[in-house]
Amino acid sequence: MVDVTPADAVPPAEVGEMELYHPHSWWTKYVFSQDAKVIAIQYSATATAIGLVALVLSWLMRLQLGFPGTFDFITPEAYYQFITMHGMIMVIYLLTALFLGGFGNYLIPLMVGARDMVFPYVNMLSYWVYLLAVLVLVSSFFAPGGPTGAGWTLYPPQAIMTGTPGGNDWGIILMLSSLILFIIGFTMGGLNYVVTVLQGRTRGMTLMRLPLTVWGIFTATVMALLAFPALFVACVMMLLDRLLGTSFFMPAIVEMGQQLQHSGGSPILFQHLFWFFGHPEVYIVALPAFGIVSDLISTHARKNIFGYRMMVWAIIAIGALSFVVWAHHMYVSGMHPYFGFFFATTTLIIAVPTAIKVYNWVLTLWRGDIHLSIPMLFALAFIVTFVNGGLTGLFLGNVVVDVPLSDTMFVVAHFHMVMGVAPILVIFGAIYHWYPKVTGRMLDETLGQFHFWVTFLGAYLIFFPMHYIGLIGVPRRYAELTDMTIMTESAHHLNSFISIIAFLVGFAQMVFLFNLIWSIRHGREAGGNPWRATTLEWQTPQTPPAHGNFGKELPIVYRWAYDYSVPGAKEDFIPQNVPGDFRPTREPA
């Protein structure tokens, strides 16, 4: 693909430059900041902090499963609360916030050549509403009855009944309120991401010159703006059922011999609303990961991305198709076979554009000058892990296989490989890649190698055995498995093994956090463009970028984002803001 604009053919700017807000104090510069880069760091720090809470909760669950009856403080009620909070934090408050709030805020303005987000004040508000949502969620640990134990999917009717931890206390109320706040905050940020990509691009930056990272975040944001309202109204309606006695989701039901005031509600309606959000949410996390991996592979293999336009259309196709597969999560709820056939078919179809992306990554690597840097290792690990997780997803997308496996540990293993391990590998790769831009220093290579290998191999040692446990029928969401006849001796030993490995992998994350903090002052100086990359964020006059990103004049874009190893060029990369056509001239016949 050759996409070069002559220096004299770049169109003039259609509108003048935006007026930036300049902070007047330490508080308005670093706390109540309107600079997207500072907001990105705030999002990332908050998401990491709440993610560590979820990590501790997973350790507590593994203690109970691996060594049942050993720890008296892990009661069945507490176990269900740990499951609920771990799942919700990881999916919503960590992954979504990191990819869109963290990487979205930092990378979009820099990669499209903008001074800042289009609506900086609204962007600032989006972070503070997100922080409020996190604080409301954490407060449920200290509320009467503790957090909700309804499972991270919050299915009614049990979610708001007295038999469920937090169901008749503050737990479910705080969970639903936190989700409502999160969606409000995200909507503020999401509108910024979309408008900045569409309206804030610098001269010469056409849509088909955007880096795939921006395409991934942009498409995921549009999806989230369409999908999150379904979760929003589901949370509001369940709150009304819980507080005012309405019957949106609550049928006529008897509890402890007493007829409740509810009648006529549909629990299945909640499932439809939840999963209409819930399955696009998988791709709201995956699409930014796809885009980031594309940029990491191209940069560290020193080769242009294979099939750029195909990659863009695959991202858009995945986003569109993700809205017509949600009910494959509901096969066991009682579904007409024709609907089951439809959703099984669309589930298989969405694998096609996903496979296209995998093929293109592999063909990008083909005959590339591959540098096995830490970001590249994480990118390659993501491809392997996502393919492995996707293959088990093809099994679960079929009704006859999903029904017997639906409530087993097989689903836990699949879900974590696709939605847990794979995107987190991308997050780590992205942090190692862009940390030099954020801080001006490199992360320690030795600690990075240790972190990668323990995390990557440890993830497989955790979740591969879990597939086997699920295939023999061990159920998920059970606090006590000891006396079940289905629990063979091998399953007991594997549960203990998985728990030990989970603690080792968790320790590796502490090493990573140490590396992040230690390298801010002691890391090797990175320079402006240590990876010799082509995209605009590496072409800023200062590292870290100053307020306004690009100094006095915004860059002008003359080419696409993947001019690596171009014949005739002096270097093996040509930044987007460098004019000139370096195509080799054909010899006369």
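Please read these numbers as outputs of a predicted model, since none were measured by experiment.
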Kindly say whether [Y] contributes a backbone atom to a donor-acceptor pair with the side chain of [X] at under 3.5 angstrom?
X: His262; Y: Ala252; result: no
X: Arg201; Y: Val197; result: yes
X: Thr164; Y: Gly167; result: no
X: Trp215; Y: Leu287; result: no
X: Thr219; Y: Gly216; result: no
X: Thr221; Y: Leu191; result: no
X: Lys357; Y: Ala314; result: no
X: Ser247; Y: Ser263; result: yes
X: Asn168; Y: Met161; result: no
X: Gln64; Y: Ala479; result: yes

Step-by-step side-chain contact (heavy atoms from CB on, under 4.5 Å) determination, Ile350 to Ser322: CA-CA 7 Å; Ile350 202 172; Ser322 71; 4.1 Å; yes
Evaluate the side-chain proximity of [Y] to [X]: yes if any heavy-atom separation is below 4.5 Å, no if none is.
X: Leu239; Y: Ile172; value: no
X: Asp402; Y: Leu405; value: no
X: Val285; Y: Pro423; value: yes

Of all heavy-atom pairs between [X] and [Y], which one has the smallest distance, and what is that distance?
X: Asn360; Y: Phe306; result: ND2-O, 3.1 Å
X: His86; Y: Ser58; result: CE1-CB, 3.5 Å
X: Asn388; Y: Met417; result: CB-CE, 4.3 Å
X: Leu94; Y: Met90; result: CD2-SD, 3.3 Å

For Tyr562, the option from Thr364, Thr535, Asp295, Thr299 that meets side chain to side chain donor-acceptor pair (under 3.5 Å):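 Exactly one option meets the side chain to side chain donor-acceptor pair (under 3.5 Å) with Tyr562, and it is Asp295.
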Phe386/Val293 under side-chain contact (heavy atoms from CB on, under 4.5 Å): CA gap, chis, key distance, verdict: CA-CA 12 Å; Phe386 194 82; Val293 162; over 6 Å; no
Audit row: Gln509, Thr455, side chain to side chain donor-acceptor pair (under 3.5 Å) steps and yes/no: CA-CA 8 Å; Gln509 312 322 307; Thr455 301; 3.0 Å; yes
Ser178 and Leu174: CA distance, side-chain angles, deciding distance, side-chain contact (heavy atoms from CB on, under 4.5 Å) verdict: CA-CA 6 Å; Ser178 176; Leu174 292 171; over 6 Å; no
Rounded to the nearest 0.5 Å, what separates atom [atom1] in [X] from atom [atom2] in [Y]?
X: Leu179; Y: Phe186; atom1: CG; atom2: CZ; value: 14.0 Å
X: Met223; Y: Ile315; atom1: CE; atom2: CD1; value: 11.0 Å
X: Asn495; Y: Leu65; atom1: CG; atom2: CG; value: 5.5 Å
X: Thr196; Y: Met117; atom1: OG1; atom2: CE; value: 5.0 Å
X: Phe119; Y: Leu125; atom1: CZ; atom2: CG; value: 13.0 Å
X: Leu461; Y: Met466; atom1: CG; atom2: CE; value: 11.5 Å

Pairing of Asp407 and Arg476 as salt bridge, 4.0 angstrom limit: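 Result for this pair is yes, salt bridge flagged.
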Positive for ring pair (Phe, Tyr, Trp, His ring centres under 6.0 Å) with Trp326, one of Phe274, Phe276, Phe342, Tyr283: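 Checked Phe274, Phe276, Phe342, Tyr283 against Trp326; only one passes ring pair (Phe, Tyr, Trp, His ring centres under 6.0 Å): Phe276.
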Distance-only side-chain donor-acceptor flag, Ser294 / Trp361, under 3.5 Å: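 Trp361 and Ser294 do have a side-chain donor-acceptor pair below 3.5 Å.
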Under 3.5 Å side-chain donor-acceptor pair for Thr148 and Gln81: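 Distance-only check fails for Thr148 and Gln81.
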Answer yes or no: does atom [atom1] of [X] have more than 12 heavy-atom neighbours from other residues, nucleotides or ligands under 6.0 Å?
X: Tyr478; atom1: OH; value: no
X: Gln258; atom1: CD; value: no
X: Trp170; atom1: CH2; value: no

Plane angle bin for His467 and Phe464 - parallel if under 30°, tilted between 30 and 60°, otherwise perpendicular: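 The arrangement is perpendicular - the two ring planes meet at more than 60°.
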Aromatic plane relationship, Tyr155 with Trp275 - under 30° parallel, 30 to 60° tilted, over 60° perpendicular: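 Trp275 vs Tyr155 ring planes: perpendicular.
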CA sep, side-chain torsions, deciding dist, call: Ile462, Arg62, side-chain contact (heavy atoms from CB on, under 4.5 Å): CA-CA 11 Å; Ile462 290 170; Arg62 288 312 317 174; over 6 Å; no
Working for ring-ring contact (aromatic ring centres under 6.0 Å, His included), residues Phe382 and Phe378: CA-CA 6 Å; Phe382 164 80; Phe378 275 108; over 10 Å; no
CA sep, side-chain torsions, deciding dist, call: Trp313, Tyr308, side chain to side chain donor-acceptor pair (under 3.5 Å): CA-CA 9 Å; Trp313 286 111; Tyr308 171 84; over 6 Å; no
Steps toward ring-ring contact (aromatic ring centres under 6.0 Å, His included) verdict (Phe182, Tyr93): CA-CA 8 Å; Phe182 179 92; Tyr93 298 86; 5.4 Å; yes
Measure centre to centre between the rings of [X] and [Y], then say whether the value is under 6.0 Å.
X: Phe232; Y: Phe228; result: no
X: Tyr43; Y: Tyr130; result: yes
X: His328; Y: His279; result: yes

